[in-house]
Student: 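Sending over a structure as structure tokens; questions will come in a sec.
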Amino acid sequence: MAKITAPKGTRDILPDEIYKWQYVEKTFSELCELFGYREIRIPTFESTEVFKRGVGDTTDVVQKEMYTFLDKGGRSISLRPEGTAGVARSFIENGMGSLPAPVRLFYNITAFRYENVQKGRYREFHQLGLEAFGSYGPEIDAEIISLLSAFFERLGLNSVKIRINSIGCPVCRKDYNAKLKKHIEPNLTNMCKTCNDRFEKNPLRIIDCKEEKCKAITKDAPALIDNLCSDCEEHLKELKKNLDILSISYEIDRNIVRGLDYYTRTVFEFVSDHVGTQGTICGGGRYDGLIEEFGGTSTPGIGFALGVERLLMEMEAQQIAAIQPKDPMVYIANLGSEGADMAKKISAKLRKVNVSCQVDLMGRSLKAQMKYASKMNFNYTIVLGEEEIKTGKAKIRNMKNTTEKEIILSDIDLLDFSKEINT
RNA sequence: GUGGGAUUAGCUUAGUCGGUUAAAGCGCCAGUUUGUGGCACUGGAGAUCAUGGGUUCAAGUCUCAUAUUCCACCCCA
């Protein structure tokens with residue numbers, strides 16, 4: 001029989017590392033709440049249509065990377081490749097357009113993409129993200145970027161760079177595309193196949209091509225950021241101003257394009273160089289047309305998603321330790337069946353007052369029990385045997401400094417384990 | 001979808017020119033005079049050598065395919 005293993009591109013997160021995840025998740029949710037965001041949980045899978053319309057029918061994510069299948073009722077279902085489309089669907093379905101604006105939502109999800117695995121890239125991966133609906137102004141763009149900046153600061157991460165760009169709106173993009181195509185057309189035959197496809201479908205993406213020959217041609221191409229319509233120009237200007245007010249440092253990266261169709265105007269990335277070539281820890285932007293695309297009343301939106309795996313790699317690289325869980329408090333070693341019974345009773349008492357404790361349930365030798373308590377980093381050990389049961393008294397041993405103190409067993413739940421027990 | 005490296009015990013690895021019972025450290029379990037951990041010592045369990053073919057008297061070792069993993073292209077978080 002073949003070995004059973006986790007599917008390609010998935011992995012187990014084991015107890016020894018889970019505290020890092022919990023730390024990051026907790027830091028994120030606390031910060032989001034400080035900014036007025038409330039958590040939303042959306043389905044792991046949606047009708048395929050949600051992603052086709054939301055993320056974009058022509059994107060690689062939808063065309064090549066989605067886990068799509070027919071369910072037993074013949075519905076086309078897809079595992080979510082990202083969070084925004086599902087949140088937007090939920091926004092409309094639950095009438096959130098009539099809530100006081102802006103509607104601020106955050107989420108913690110797994111997402112799925114059928115891609116080849118490499119550093120910082122998995123088929124099932126985790127995203128922390130948020131979306132804000134209902135505000136056109138650049139103020140909220142700046143607020144979101146400042147939230148992210150505060151998040152990295154709280155984690156102690158420096159050297160994560162903020163890059164922003166504007167990719168305009170349908171109005172300026174139309175003019176710009178024409179200009180860009182004019183610039184590229186004479187050299188089109190020298191460009192890669194993908195760029196030739198993009199030339200018709202989405203010329204903007206040609207700027208993003210990594211192939212040397214294409215880069216050479218696009219090097220002097222007009223940049224969208226220099227060809228914005230007056231409204232988009234103003235938006236970007238105000239965004240910069242707001243970031244300055246918040247003392248956020250950033251750089252303009254005119255090459256950020258984003259591969260998801262819904263983005264308009266502001267796009268941004270938080271980039272590190274510790275995650276191999278998958279340096280984008282976080283990506284996001286504005287999507288003023290998305291809700292309308294879904295058939296809702298026109299509502300602007302902006303959001304981001306950050307890759308938890310990549311974030312943890314960055315923390316690892318910068319040697320930033322997550323807050324570790326506390327060591328377990330009391331181990332109750334016991335001998336004989338009476339000792340075992342007493343140990344069970346005492347453990348129940350301790351748990352009632354929220355003291356973490358464990359009892360030997362395997363009838364092991366005292367020595368083996370002590371070894372276990374030591375290896376599991378218990379703070380204290382109590383031994384219960386014939387003598388302790390007879391006298392009602394026992395010694396509590398501080399495992400960190402090997403001192404012992406006598407205690408009355410009937411009063412054990414009155415001990416203050418929140419402080420170091422002086423011995 | 002396209003390249004390149006890797007795969008031997010739970011983990012990290014050794015394994016000569018193809019040669020007989022696959023080795024070590026860590027970890028796990030137990031013991032070192034019977035009720036006290038960390039150190040030391042002794043012993044034990046644990047491996048279809050990723051899977052499936054092929055070459056050979058003989059394959060962990062050579063060869064092909066597949067899977068997985070790592071890295072890169074592409075794309076994205």
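The shown structure was predicted, so the numbers you read here are calculated from the model rather than taken from an experiment. Below, chain A is the first sequence line, B the second, and so on; all start at residue 1. As a basis for the values below, the full set of heavy atoms in this structure was taken, side chains included, without hydrogen atoms, waters or symmetry mates.
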Student: NA contact type, Y114(A), heavy-atom cut-off 4.0 Å: base, sugar-phosphate, or nothing?
Tutor: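 Here Y114(A) touches no strand at all.
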Student: Are K161(A) and D253(A) ion-paired here, with the side-chain N under 4.0 Å from a carboxylate O?
Tutor: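 Salt bridge between K161(A) and D253(A), a charged N being under 4.0 Å from a carboxylate O: no.
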Student: For the residue pair T84(A) / E131(A), report whether a side-chain donor-acceptor contact shorter than 3.5 Å exists.
Tutor: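 On atom types as modelled, these side chains qualify, holding a pair under 3.5 Å.
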Student: Does the ring of Y372(A) lie flat against the base of G37(B), closer than 5.5 Å centre to centre with planes under 30°?
Tutor: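 No, Y372(A) does not stack on the base of G37(B), since the centre distance and plane angle fail the 5.5 Å and 30° test.
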Student: Ignoring hydrogens and angles, does a donor from either the side chain of E65(A) or the base of G1(B) sit under 3.5 Å from an acceptor on the other?
Tutor: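 No such pair is found, so the answer is no.
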Student: Is there a donor N/O on one and an acceptor N/O on the other, under 3.5 Å, for the side chain of R364(A) and the base of C29(B)?
Tutor: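 Donor-acceptor pair under 3.5 Å: no.
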Student: Measuring to OP1 and OP2 of C28(B), would you say a side-chain N or O of K375(A) lies under 4.0 angstrom away?
Tutor: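 True: K375(A) side-chain N/O within range (under 4.0 Å) of C28(B) OP1/OP2.
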Student: Just to confirm, is there a sub-4.0 Å distance from OP1 or OP2 of U36(B) to any side-chain nitrogen or oxygen of K371(A)?
Tutor: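 For K371(A), the contact criterion (side-chain N or O under 4.0 Å from OP1 or OP2 of U36(B)) is not met.
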Student: Describe the nucleic acid contact of T381(A) in one word from base, sugar-phosphate, nothing, applying a heavy-atom distance below 4.0 Å.
Tutor: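 Answer is nothing: T381(A) stays at 4.0 Å or more from every strand.
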Student: For Y372(A) and Q358(A), which I'm curious about, is there any donor-acceptor pair between the side chains at under 3.5 Å?
Tutor: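 Yes, a side-chain donor-acceptor pair sits under 3.5 Å.
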Student: Classify G9(A) by what it touches in the nucleic acid, base, sugar-phosphate, or nothing, heavy-atom distance under 4.0 Å.
Tutor: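 Result for G9(A) = sugar-phosphate.
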Student: Counting distance alone, no hydrogens or angles: does the base of C74(B) have a donor or acceptor under 3.5 Å from a partner atom on the side chain of Q118(A)?
Tutor: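 It does, because a donor-acceptor pair links the side chain of Q118(A) to the base of C74(B) below 3.5 Å.
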Student: Work out how far the C1' atom of A40(B) is from that of A22(B), and round it to whole angstrom.
Tutor: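 So the two C1' atoms sit 29 Å from each other.
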Student: Is the F106(A)-Y37(A) ring centre distance short of 6.0 angstrom?
Tutor: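 So the answer is no for these two rings.
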Student: Heavy atoms under 4.0 Å, any strand shown: does E386(A) hit a base, just sugar-phosphate, or nothing?
Tutor: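 The residue E386(A) makes base contact.
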Student: Name the nucleic acid region contacted by E124(A), choosing base, sugar-phosphate or nothing; use a 4.0 angstrom heavy-atom cut-off, strictly under.
Tutor: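 It contacts nothing in the nucleic acid.
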Student: Can you tell me how far P in U13(B) sits from the matching atom in C57(B), rounded to whole Å?
Tutor: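 Result for the P pair: 36 Å, nearest Å.
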Student: Does L260(A) reach a base, just sugar-phosphate, or nothing at all? Heavy atoms under 4.0 Å.
Tutor: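 Sugar-phosphate, no base atom in range.
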Student: Do the side-chain N or O atoms of K119(A) get closer than 4.0 angstrom to the phosphate oxygens (OP1, OP2) of C71(B)?
Tutor: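 It does, given that an N or O in the side chain of K119(A) lies less than 4.0 Å from OP1 or OP2 of C71(B).
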Student: May I ask you to say what Q369(A) touches in the nucleic acid, namely base, sugar-phosphate or nothing, with a heavy-atom cut-off under 4.0 Å?
Tutor: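 Touches nothing.
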Student: Using atom P in both nucleotides, what's the gap between A30(B) and C73(B) to the nearest angstrom?
Tutor: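 Their P atoms lie roughly 50 Å apart.
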Student: Let me spell it out: for each of R123(A) and Q127(A), pick the nucleotide of RNA chain B with the closest heavy atom. Which residue's pick is nearer the 5' end?
Tutor: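 Its nucleotide being nearer the 5' end, the pick is R123(A).
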Student: Need one value for A305(A): base, sugar-phosphate or nothing, where a base atom within 4.0 Å counts as base even if backbone is also close, heavy atoms only.
Tutor: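 Contact class for A305(A): sugar-phosphate only.
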Student: Taking the six-membered ring of Y122(A) as reference, does the cationic atom of R11(A) (NZ for Lys, CZ for Arg) lie under 6.0 Å from its centre and within 45° of its axis?
Tutor: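 So R11(A) does make the cation-pi contact.
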Student: Starting at the 5' end of RNA chain B, which residue's closest nucleotide do you reach first, M362(A) or S374(A)?
Tutor: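 Counting from the 5' end, the first nearest nucleotide belongs to M362(A).
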Student: What is the nucleic acid contact for K395(A), judged by heavy atoms within less than 4.0 Å: base, sugar-phosphate only, or nothing?
Tutor: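 Nothing, no heavy atom under 4.0 Å.
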